[in-house]
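Structure first, then comments.
Worth saying up front: this structure is predicted, and the values here are computed from it rather than measured.
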Amino acid sequence: MTAELVRGQNHLLPHTRLEIRVSAGEPVMAGATLGDQDGRVHGVEWVAHPGAPALPGLEVSRQAAAEHRLAVDLDALPAAVHRVTLLLALPVGVGGPDRFGALPAPFVAVTGLDGTGVAQYTITGLDSESAVAALELYRRQGAWKVRAVGQGYAGGLTAMLADQGLSQAAELAGTIHEAVAHGMNRAVAAPPPRTAEGDRVRRGAPLAASGVGAPADATAPPTPPVPGPSLPSTGPVQRPEQVPSDAPPQPAVSGGPVDYTHPRRRPAAPPSPPPAAPPGRPAAPVAGDASGWTMDERLYNQVWGMFEDLARTTAAYRSAVDFAESRMDQELDRVLSDPRSRIGTAGDEARAAARAKFEELTARAREALDRDLAQLTAESQVVEPALPPAFAGWDNPAWHAYRVPTEAPMALRLGDLRLPESPELRIPMLMRLPLQRGLWVDSGRSGSQAAAGTDDAELRRLAMDTAVSLAARLVAVHPVGEYTVHAVDPAGTAAASLAPLTDTGVLAGPVATGAGGVAAVLGRLTERVDLVQMAVRGGAADALPPGLDQSEQLLIVNDFPHGFDDRTVNQLRYLADEGPAVGVHLLMIADREDAGAYGPVLDPLWRALLRVTPVPDDHLADPWVGHAWTYEPPRVPEGSDILRHVLSQIVAARTNWRR
């Protein structure tokens, strides 16, 4: 039976190989320190954190997330270690809550590798604290115990690390926050909130994620628990960065569910459920079977539900395989540790039996995964053709029937996401509008195999083509006159890629070239941000100059930092930080290494932008378990003229609108 601990209470640990699970409701950093008999941390090498996640006997997550799983092997800890303290801290400078009192009470649980609960603790009573020592595993008289701590620190990570005797507390805290910010910069957008019933509406048979890979016997691998509204289950800790969070703004007053409906949507009655499926068979998938007042909202929620389902069923599969490998290793260790079975037929039979059990467990896990993937694939085949242009790929017939919209959509498709276990199943990557952060198309070596096989010139051309595709989608999904696009190309190297925008006349003016063109465009947009900010803060929006373009502004910047000086670099940073709040957005095409001469001064700029790549790259992660998702940019089909067709309709509608 799992022990429910209160602050200060301890409990004997029956195993030395453990997993610590954390649920916090919002992204938090999870780390751990190693202490001696007095609990003192001897140096930075005794701290596991996102920038250095692995120590002997201990591994933590590389990213901030609402859910964590930390692996602990007490037998593998150095002999001088007598205490392991679990640390939680809120990320700094990423726009989230700055105190634990604004979050649901964090929940931590200690389990065995087979998922058996050992102890759990809900950390209550936190208010202004931004860091907390959650619990500790400590050694007494040869036995290991767990104690609920719950000690919060209003001074954050620095105060907490200093309290454990670390002399370099401030320096290490800065390093940790930098690693966390870097990880969150790669995170995919958080999904919409749960419905009042605690889950999205799905009329088909639910996925088997709660039992993926679970054999019928007592040696079943751990499976993610059935989630509640604020405690989604997670899989094993992964290595990559995390997927970008662009969740819509939260209301200022708490106490009720967040309303994510579009402010200009006209309510409509929810659809009636389809006929029930025959007993024992899953219901046929239906496009728009999620909650929402309009079809767009239902499809948006359904796509995010599919993304979540794929993340969790894959996490359950990986967890099952990890368990099977751990079980086989333990059985082989027992065989090798017994001299009587180390050699001879008995040893061979024991090793063969261990491997056979491993293959049986992994085969069961794969069978369950394949069943879930088949269901998700069937749902994707129904949903994809039903998507509106804002959610659809360029190859979707919806674009051929395109008409300039009369209202902005709730989200925009930025590309596709997939996992290695199911390379053919692609989930649309939807980002809420208006954009909460700018976009950065990385024209450098992203580290993927696709980038390694592409020369520099081709990679830069693909990056510019990707940026033009994204810009076209942004302007196409907004009503006439509500989106204005500018372009800066200092060296004039992107003329061919920009041709669809320049030839159709979508741009607000000629492409700015040279240092003078860069300075002029940035100066105008910086002045616009200043004017709108002053008007908003002074409550005098009607006092804006009559000639000021009040539409959303998108600035395409090619080949940064070529053509930029210190002044224009600072203006660009200002637009990245302050622009989105007043409708000015950046779409940069740049290689970070080219800007290396500026050093860390540009780190805030990169963190303020969502990085996408012109070739497939596994740099994004989901907000639940941190899988490495492969991002694929929005490609226009080879030989298709759909991009110019859509842009021409936009210009024609704009001409009629101005008459």
Salt bridge (Lys or Arg N to Asp or Glu O under 4.0 Å) between E178 and R607: does it pass, once the steps are laid out?
-> CA-CA 10 Å; E178 179 71 19; R607 288 198 300 268; 3.0 Å; yes
Taking atom CH2 of W399 and atom OG of S640, what is their separation to the nearest 0.5 Å?
-> 11.5 Å
Value for CG (L419) from NE2 (H627), rounded to nearest 0.5 Å, stands at 6.0 Å
Is there a donor-acceptor pair under 3.5 Å between the side chain of S443 and the backbone N or O of D591?
-> yes
For T502 and A499, indicate whether the former's side chain and the latter's backbone hold a donor-acceptor pair under 3.5 Å.
-> yes
Provide the closest heavy-atom pair for P490 versus G563 in the form atom of the first, atom of the second, distance.
-> CB-CA, 4.0 Å
For the residue pair Y598 and D603, confirm or rule out a side-chain donor-acceptor distance under 3.5 Å.
-> no
Look up atom CE in M29 and atom CD in Q63, then write down how far apart they are to the nearest 0.5 Å.
-> 13.0 Å
Determine the minimum heavy-atom distance between V480 and R654, stating which atoms define it.
-> CG1-CA, 3.6 Å
Stepwise side-chain contact (heavy atoms from CB on, under 4.5 Å) check, V506 with V651 | CA-CA 6 Å; V506 167; V651 174; 3.7 Å; yes
Hey, does L373 have a side-chain heavy atom less than 4.5 Å from the side chain of L310?
-> yes
Minimum heavy-atom distance between V477 and P409, given as atom pair plus value = O-CD, 2.9 Å
Give a yes or no on whether the backbone of A494 and the side-chain of D489 come within a donor-acceptor separation of less than 3.5 Å.
-> yes
Under 3.5 Å: donor-acceptor pair, side chain of S422, backbone of L425 | no
Does a side-chain heavy-atom distance below 4.5 Å link R528 with R524?
-> no
Is it true that the side chains of S497 and D465 contain a donor and an acceptor less than 3.5 Å apart?
-> yes
Can you name the closest pair of heavy atoms from S551 and G481 and give their distance?
-> CB-O, 3.2 Å
Value rounded to 0.5 Å, distance of OG1 in T493 from CZ in R460 | 8.0 Å
Pair D549-T484, side-chain donor/acceptor within less than 3.5 Å | yes
Is NZ or CZ of R432 both nearer than 6.0 Å to the six-membered ring centre of Y300 and within 45° of the ring axis?
-> yes
Between F307 and W629, how do the two ring planes meet: parallel, tilted or perpendicular, split at 30° and 60°?
-> tilted
Is any side-chain heavy atom of D442 less than 4.5 Å from a side-chain heavy atom of V612?
-> no
For the residue pair V615 and T613, what are the closest heavy atoms and their distance?
-> O-OG1, 2.7 Å
Residues L430, L414; criterion side-chain contact (heavy atoms from CB on, under 4.5 Å); working and verdict | CA-CA 6 Å; L430 302 181; L414 294 186; over 6 Å; no
Minimum side-chain heavy-atom gap V532-Q550 below 4.5 Å = no
N/O donor-acceptor pairs under 3.5 Å from side chains in residues 467-475, not counting sequence neighbours:
residue: S469; atom: OG; partner: W394; partner atom: NE1; Å: 2.7
residue: S469; atom: OG; partner: P634; partner atom: O; Å: 3.0
residue: R473; atom: NE; partner: R413; partner atom: O; Å: 3.1
residue: R473; atom: NH1; partner: A392; partner atom: O; Å: 3.1
residue: R473; atom: NH2; partner: A392; partner atom: O; Å: 2.5

Flag the pair R592 / L602 as yes when at least one side-chain heavy-atom distance between them is below 4.5 Å, and no otherwise.
-> no
Are a donor atom and an acceptor atom from the side chains of T313 and D372 found within less than 3.5 Å of each other?
-> yes
State whether the side chain of D455 and the backbone N or O of E458 hold a donor-acceptor pair below 3.5 Å, judged by distance alone.
-> yes
Which atom pair, heavy atoms only, marks the closest approach of T504 to R644?
-> CG2-O, 4.4 Å
Student check: side-chain heavy atoms of M410 and T294 closer than 4.5 Å | no
Examine distances only and state if a side-chain atom of D565 and a backbone atom of T568 form a donor-acceptor pair shorter than 3.5 Å.
-> yes
Among Q553, E552, Q436, R437, which one satisfies side-chain hydrogen bond (donor to acceptor under 3.5 Å, both in side chains) with H585?
-> E552
Would V511 and I556 satisfy side-chain contact (heavy atoms from CB on, under 4.5 Å), going step by step from the backbone distance to the final call?
-> CA-CA 10 Å; V511 177; I556 303 174; over 6 Å; no
Carefully, step by step, assess L462 and R635 under the rule side-chain contact (heavy atoms from CB on, under 4.5 Å).
-> CA-CA 10 Å; L462 290 174; R635 288 264 187 262; 4.1 Å; yes
Donor-acceptor contact below 3.5 Å, side chain R567 vs main chain F564 = no
Would a 4.5 Å heavy-atom cut-off, applied to side chains only, mark L605 and F560 as touching?
-> yes
Could you tell me whether the side chain of V557 reaches within less than 4.5 Å of the side chain of I589, counting heavy atoms only?
-> no
With no hydrogens and no angle check, is any side-chain donor or acceptor of E482 less than 3.5 Å from a backbone partner on H478?
-> no
Are the side chain of N570 and the backbone N or O of D566 linked by a donor-acceptor pair below 3.5 Å?
-> yes
With rounding to the nearest 0.5 Å, note down the distance linking CH2 in W440 to CG in L587.
-> 13.0 Å
From L507 CG over to L498 CG, what is the distance, rounded to the nearest 0.5 angstrom?
-> 7.0 Å
Under 3.5 Å: donor-acceptor pair, side chain of S380, backbone of L376 | no
